[in-house]
Amino acid sequence: MAHNISHSRRLRNTPFTEGVEAKGVKAYTVYNRMLLATVFDSVEFDYHHLKQHVQVWDVSVERQIELNGPDASNLMQLLTPRDLSKMQDDQCFYVPITDNNGKMLNDPVAIKHSDTRWWVSIADSDLLFWIKGLAVGKGMDVEVFEPDVSPLAVQGPKSEDLLERIFGAEVRDIRFFRYKRMAFQDTSFLVARSGYSKQGGFEIYVENGDYGMPLWNALFAAGEDLNVRPGCPNLIERIEGGLLSYGNDMNTDNTPLECGLDKFCKPGEGNEHIGHATMARELAEGPARRIRAISIPGTALAPARAAWPLMAGETRVGQVTSAAWSPDFETNVAIGMVDASHWADGTTLTVETPEGPREAIVKEKFWA
Ligand code: THG
């Protein structure tokens with residue numbers, strides 16, 4: 001089903017919009033009130049290419065929220081159950097963010113510059129207002145704002161080779177979820193080894209949008225013999241890898257434990273996290289339901305536009321929230337939320353898809 005989009009100032013451009021359009025983007029989704037590409041050739045072609053070569057992704061929609069001031073670290077720790085006390089100044093942490101009732105508001109990557117300066121690289125929800133409100137309400141000495149920073153991801157097995165040509169051999173020394181500041185023309189960017197795929201790669205946090213197209217063009221010019229292509233987060237690949245999508249796989253109905261984010265729910269000694277009380281209770285009792293990988297054998301299913309009920313006989317025991325045909329695993333790979341009574345590995349359920357009922361097999365582990 002194809003639709004047109006009416007453009008206006010509200011639907012903000014990114015520093016790379018010109019490049020994305022020139023490369024022939026075929027479809028978009030909306031994310032943080034901006035356009036995020038979803039297809040360049042076909043989802044399947046893009047998937048195979050991502051696993052073999054290298055892609056450049058405009059992920060400017062991962063907007064940054066800067067916390068800047070003496071209380072920046074206190075505010076950051078108030079937001080998340082993950083213990084930030086030992087985090088180094090060159091680290092990035094995947095952090096669940098909850099409200100005061102311990103419910104998920106976002107699942108961003110937090111980038112620590114120093115004890116007084118952080119970036120929060122957000123998923124699709126209006127986190128700026130929550131953070132600003134907390135800072136004001138708690139009378140904290142910290143500025144909270146959206147800086148002119150747009151991430152450009154370089155993903156795929158050849159991404160290290162490509163980035164070496166732009167930034168030098170030092171990129172090879174960047175460890176997983178760490179960053180270095182690398183020179184480009186007359187400026188420098190924070191370059192982290194991270195990204196929304198399991199194929200390896202980097203994210204370049206482009207400060208000052210004027211450098212967007214020069215960097216985009218430099219990457220495509222340097223990567224011709226590496227078969228560099230434009231890309232975007234790939235539905236099939238991210239489901240195989242179990243990368244969650246806020247708004248799809250979880251939302252404000254869910255807790256971090258339900259999302260399987262247990263290892264990021266170890267609050268520090270002070271228990272400063274605003275959702276600590278509920279989380280402490282849930283940590284003791286265990287969650288009532290959990291995110292699981294789900295295999296749906298048979299012919300290829302169209303992507304889910306609403307949650308598909310998971311049934312055990314007449315009883316609803318969960319839902320499938322993302323699904324795609326996997327060429328490599330020859331099944332529909334899916335992500336769902338399943339009640340404790342039915343989340344054991346190998347449990348067979350029925351999923352009610354728009355294309356009729358199908359067998360659904362619960363899996364403890366994702367494919368990749
Ligand atoms: N990069 C940056 N910002 C982002 C995303 C990103 N903001 C929005 C969205 N993606 C946030 N969601 C995720 C989800 C998963 C991961 C990162 C951001 C991720 N997870 C790894 C995993 O699950 O294997 C590693 C987690 C870890 O061990 O710390 O990478 O992609 N800048």
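Note that ligands are numbered from 1 as they come in the structure, with each ligand's atoms numbered from 1 the same way. Quick note: residue numbers are just sequence positions, from 1.
Taking every heavy atom of V109 and a limit of under 4.0 angstrom, the matching atoms of ligand 1 come to 1 (N), 2 (C), 3 (N), 17 (C), 18 (C). Using a 4.0 Å cut-off to heavy atoms of G195, the atoms of ligand 1 that qualify are 30 (O), 31 (O). Below 4.0 Å from some heavy atom of I122 lie the following atoms of ligand 1, by number and element: 7 (N), 8 (C).
The nearest protein atom to atom 12 (N) of ligand 1, hydrogens excluded, is given as D107 O, 3.2 Å; this is a heavy-atom distance. With respect to atom 13 (C) of ligand 1, the closest heavy atom belonging to the protein is Y94 CE1, 3.4 Å. L243 CD2, 3.7 Å is the protein heavy atom nearest to atom 23 (O) of ligand 1. The protein heavy atom nearest to atom 6 (C) of ligand 1 is E62 OE2, 3.4 Å. S121 O, 2.9 Å is the protein heavy atom nearest to atom 7 (N) of ligand 1. The closest protein non-hydrogen atom to atom 22 (C) of ligand 1 is K198 NZ, 3.5 Å. The closest protein non-hydrogen atom to atom 27 (C) of ligand 1 is F264 CZ, 3.9 Å. Looking only at protein heavy atoms, the nearest one to atom 1 (N) of ligand 1 is E203 OE2, 2.7 Å.
Counting heavy atoms closer than 4.0 Å to ligand 1, residue Y205 contributes side-chain atoms (C-beta onward) but none from N, CA, C or O. If you look at F177 next to ligand 1, the close heavy atoms, those under 4.0 Å, all belong to the side chain. Contact annotation for D124 and ligand 1: no heavy atom of the residue comes within less than 4.0 Å of the ligand.
Between T331 and S295, the shortest heavy-atom contact is OG1-OG, 3.0 Å.
Here the side chain of D58 pairs a donor or acceptor atom with the backbone of S60 at under 3.5 angstrom. With hydrogens and angles ignored, the 3.5 Å screen pairs no side-chain donor or acceptor of R290 with any backbone N or O of E258. N332 places a side-chain N or O within 3.5 Å of a backbone atom of L301 that can act as its donor or acceptor partner. Judged by distance alone, with hydrogens and angles left aside, the side-chain atoms of T116 form no donor-acceptor pair with the main-chain N or O of N68 at under 3.5 Å.
Residue Y31 has no N or O atom closer than 3.5 Å to an N or O atom of ligand 1. Residue R82 has no nitrogen or oxygen atom sitting less than 3.5 Å from a nitrogen or oxygen atom of ligand 1, judged on distance alone.
With sequence neighbours left out, the ring-ring contact (aromatic ring centres under 6.0 Å, His included) criterion links F220 to W216.
Applying the ring pair (Phe, Tyr, Trp, His ring centres under 6.0 Å) test to every pair with at least one member in residues 129-180, sequence neighbours left out, gives no pairs at all.
Less than 6.0 angstrom separates the ring centroid of F184 from the ring centroid of F189. Ring to ring, H113 and W118 are not that close: their centroids are 6.0 angstrom or more apart.
V30 and L235 fall into different hydrophobic clusters, defined by Ile, Leu, Val, Met, Phe, Trp and Tyr side-chain heavy atoms under 4.5 Å apart, directly or through other members.
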